[in-house]
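Notes for the one structure printed next.
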Amino acid sequence: MESVISEHIEITLGVCGGKPRIAGHRIRVQDIVIWHERLGLSPDEIVSQYPSITLADVYAALAYYHDHLEEIRQQILEDEEFAKQLQAQTPSLLLQKLDNRDV
């Protein structure tokens with residue numbers, strides 16, 4: 001099974017932060033996991049939205065995820081925390097405009 005997954009999943013330093021991704025693409029395993037588990041997309045729906053990847057790529061990503069659950073979950077958590085930090089440091093331009101409207 002590992003050899004099948006390695007045909008579809010690769011890790012390259014400097015590409016996507018060195019995170020596991022679909023071979024030849026910048027779609028990370030964690031992206032597939034989020035689309036499938038959190039957004040409820042089926043593997044077929046993911047492929048229909050990203051036709052450059054195959055159904056085998058999606059299933060390999062999900063298999064890789066289940067083989068590396070804690071690692072991938074930790075990566076997702078770290079990315080969410082990073083996004084929250086950026087959001088807290090970057091004021092909303094829309095909110096600024098709305099606040100200035102009242103002046």
Side-chain angles (χ1 to χ4, degrees):
M1 181 64 138
E2 192 66 36
S3 64
V4 171
I5 292 174
S6 66
E7 291 177 27
H8 297 277
I9 305 300
E10 60 188 12
I11 299 171
T12 309
L13 292 178
V15 178
C16 293
K19 295 178 180 170
R21 61 189 172 86
I22 303 289
H25 296 82
R26 296 186 63 82
I27 299 173
R28 300 168 301 172
V29 168
Q30 69 186 63
D31 297 326
I32 300 290
V33 170
I34 290 168
W35 298 333
H36 181 62
E37 289 191 351
R38 294 191 182 172
L39 299 180
L41 297 178
S42 71
D44 288 325
E45 290 170 320
I46 294 170
V47 170
S48 73
Q49 291 189 17
Y50 298 91
S52 64
I53 63 175
T54 67
L55 199 52
D57 291 331
V58 173
Y59 281 110
L62 293 172
Y64 184 94
Y65 166 62
H66 287 286
D67 285 343
H68 301 88
L69 255 143
E70 291 307 314
E71 172 191 340
I72 301 299
R73 286 181 178 171
Q74 184 63 34
Q75 290 173 357
I76 291 170
L77 182 62
E78 288 170 3
D79 284 356
E80 288 172 343
E81 288 300 318
F82 179 71
K84 285 179 187 175
Q85 289 174 358
L86 283 181
Q87 189 176 28
Q89 294 171 1
T90 309
S92 167
L93 295 176
L94 176 60
L95 289 177
Q96 285 179 351
K97 287 182 179 185
L98 291 173
D99 287 343
N100 290 337
R101 184 182 68 172
D102 295 333
V103 176

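Atom set for the values below is all heavy atoms of this structure, side chains included, hydrogens, waters and symmetry mates excluded.
To the nearest 0.5 angstrom, R73 atom CZ is 13.0 Å from Q30 atom CD. A distance of 8.0 Å separates CG of L39 from CD1 of I34, quoted to the nearest 0.5 Å.
The two residues P20 and I11 make their nearest non-hydrogen contact at CA-CG1, 3.6 Å. Taking each heavy atom of L62 and P43 in turn, the nearest pair found is CD1-CG, 4.3 Å. Residues S42 and H36 come closest through the heavy atom pair CA-ND1, 4.2 Å. The minimum heavy-atom distance between H8 and A60, with the atom names listed, is CB-CB, 3.5 Å.
Taking hydrophobic clusters as Ile, Leu, Val, Met, Phe, Trp and Tyr residues chained together by side-chain heavy-atom distances below 4.5 Å, I32 does not share a cluster with V15. Taken together through direct or relayed side-chain contacts under 4.5 Å among Ile, Leu, Val, Met, Phe, Trp and Tyr, L77 and Y65 form parts of separate hydrophobic clusters.
Within the 3.5 Å criterion, the main-chain N or O of I76 finds no donor-acceptor partner in the side chain of D79. H25 places a side-chain N or O within donor-acceptor distance of the main-chain N or O of S52, the cut-off being under 3.5 Å. For the pair D31 (side chain) and I27 (backbone), a donor-acceptor distance under 3.5 Å is absent.
Using a 4.5 Å heavy-atom cutoff, the side chains of K19 and V29 are not in contact. Using a 4.5 Å heavy-atom cutoff, the side chains of I46 and I53 are in contact.
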Criterion side-chain contact (heavy atoms from CB on, under 4.5 Å) on T54 and V47, from CA distance to verdict: CA-CA 6 Å; T54 67; V47 170; 5.9 Å; no

Go through Y64 and R21 one step at a time and tell me if the side-chain contact (heavy atoms from CB on, under 4.5 Å) criterion holds. CA-CA 10 Å; Y64 184 94; R21 61 189 172 86; over 6 Å; no

Show me the donor-acceptor pairs within less than 3.5 Å that the side chains of residues 82-95 make with the rest of the protein, sequence neighbours left out.
unit_1: T90; atom_1: OG1; unit_2: L86; atom_2: O; d: 2.9
unit_1: S92; atom_1: OG; unit_2: L94; atom_2: N; d: 3.4
unit_1: S92; atom_1: OG; unit_2: L95; atom_2: N; d: 3.1

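Residues Q74 and E78 bring a donor and an acceptor atom of their side chains to less than 3.5 Å of each other.
Here Y50 pairs with nothing under the side chain to side chain donor-acceptor pair (under 3.5 Å) rule; sequence neighbours left out. Qualifying side chain to side chain donor-acceptor pair (under 3.5 Å) partners for R26, counting only residues two or more places apart in sequence or in other chains: none.
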